[in-house]
Amino acid sequence: MPAIKAAPLLLGQHLVRLTEDGEIRCRIVEAESYGGAEDKGSHAYGGRRTNRTDVMFHTGGTAYVYLIYGMHHCFNIVTAEKNDPHAVLIRAVEPLTPRDAQLMAAYRGTAIRKPSDLSGGPGKLCRALRIDRSLNGLRLDQPGGPLRLESGDDPRSLPIVQAARINIPYAEEYAGLPWRFYIRDNPYVSAHDSKAEPFIWTENRP
DNA sequence: ACGACGATCTGCT
DNA sequence: GCAGATCGTCGTA
């Protein structure tokens with residue numbers, strides 16, 4: 001399905017990471033859509049298919065992980081059919097239990113003063129969950145896999161805020177589009193938008 | 001083969 | 001609020 005439709009549906013869903021230290025469970029609280037070859041903000045703009053963007057052309061449910069600024073990883077979920085490059089960038093997650101939070105904090109290796117320090121931001125959550133490019137191209141629907149997506153809260157019950165995407169000034173007319181979704185007032189979200197109106201997701205939104 | 005730059009984060013002012 | 005880190009990727013030659 002198109003990333004713009006998949007992004008709000010991913011809110012509340014669980015992300016499960018299996019490492020040698022055990023399993024970490026969290027739920028997605030912020031997601032940003034990168035939709036199709038026409039999106040000037042997307043790595044696959046114009047249908048650009050390179051070694052890096054190749055997995056964006058895979059079928060929905062595949063992980064797209066890349067390195068940014070030479071030091072941070074970003075994790076995306078591919079959402080459409082083969083050869084149609086839609087993906088949703090996961091921008092923030094919330095640990096389900098104190099034990100999950102504790103393991104994530106250990107992986108972060110920096111002082112956690114507020115919830116968003118732990119996993120509020122695409123690079124932070126990747127560090128907190130030990131996600132790197134070794135997971136690029138991974139299927140997220142494999143039981144027992146190192147990283148997987150499982151059903152969690154029904155997004156229809158969540159107050160969802162739709163706001164502009166972050167940090168894509170080069171995207172021209174696509175830069176300001178409200179293609180970022182997050183759970184209202186959630187402390188793990190990377191950036192709140194005071195002007196945006198929250199809504200309850202229905203079949204016809206967005 | 002080279003150079004510019006990025007879907008970010010951190011620490012310091 | 002802002003500079004610096006740090007390297008894979010991609011366009012250009």
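Order of the sequence lines sets the chain letters (A, B, ...), proteins ahead of strands, with each chain counted from 1. Predicted model only: the values in this text are computed from it and were never measured.
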Self-check item: Sugar-phosphate only, base, or nothing, as touched by A:R165 at under 4.0 Å among non-hydrogen atoms
Solution: nothing
Quiz item: If the sugar-phosphate is the primed atoms plus P, OP1 and OP2 and the base is the rest, what is the B/S/- string for nucleotides 5-13 of chain B, using protein heavy atoms under 4.0 Å?
Solution: -BBBSSS--
Distance-only criterion, 3.5 Å: show the donor-acceptor pairs between side-chain atoms of residues 70-80 of chain A and protein atoms not counting sequence neighbours.
{"from": "A:N76", "atom 1": "ND2", "to": "A:Y64", "atom 2": "O", "distance (Å)": "3.2"}
{"from": "A:T79", "atom 1": "OG1", "to": "A:M1", "atom 2": "O", "distance (Å)": "2.9"}

Practice problem: Name all pairs fulfilling the salt bridge (charged side-chain N to carboxylate O under 4.0 Å, His left out) condition that reach into residues 133-155 of chain A, sequence neighbours left out, sorted by first residue then second. | Solution: A:E23-A:R148, A:R25-A:E150, A:R27-A:D153, A:R139-A:D141, A:R148-A:E150, A:D154-A:R156
Quiz item: Salt bridge or not for A:K40 and A:E172, using N-O below 4.0 Å?
Solution: yes
Quiz item: Which part of the nucleic acid, if any, lies within contact of A:R127, taking any heavy atom under 4.0 Å across all strands shown: a base, the sugar-phosphate backbone alone, or nothing?
Solution: nothing
Practice problem: Would you please enumerate the stems DNA chain C participates in, each stem being three or more consecutive Watson-Crick or G-U wobble pairs with both distances under 3.5 Å? | Solution: B:1-6 with C:7-12, B:8-12 with C:1-5
Practice problem: Please list, chain by chain and in numerical order, all residues satisfying ring pair (Phe, Tyr, Trp, His ring centres under 6.0 Å) with A:Y182, sequence neighbours excluded. | Solution: A:H192
Exercise. Measure from the side-chain N and O atoms of A:E30 to the backbone N and O of A:S190, and report whether any donor-acceptor pair falls under 3.5 Å.
Key: yes
Quiz item: Do side-chain atoms of A:T97 reach the backbone of A:D100 as a donor and acceptor pair under 3.5 angstrom?
Solution: yes
Quiz item: Please, which pairs that meet side-chain hydrogen bond (donor to acceptor under 3.5 Å, both in side chains) have at least one residue in residues 108-125 of chain A, sequence neighbours excluded?
Solution: A:K114-A:D117
Quiz prompt | Exam field: side chain A:E32 to backbone A:I166, donor-acceptor pair closer than 3.5 Å | solution = yes
Practice problem: Ignoring backbone atoms, establish whether A:R48 has a side-chain N or O less than 4.0 Å from OP1 or OP2 of C:dT9. | Solution: no
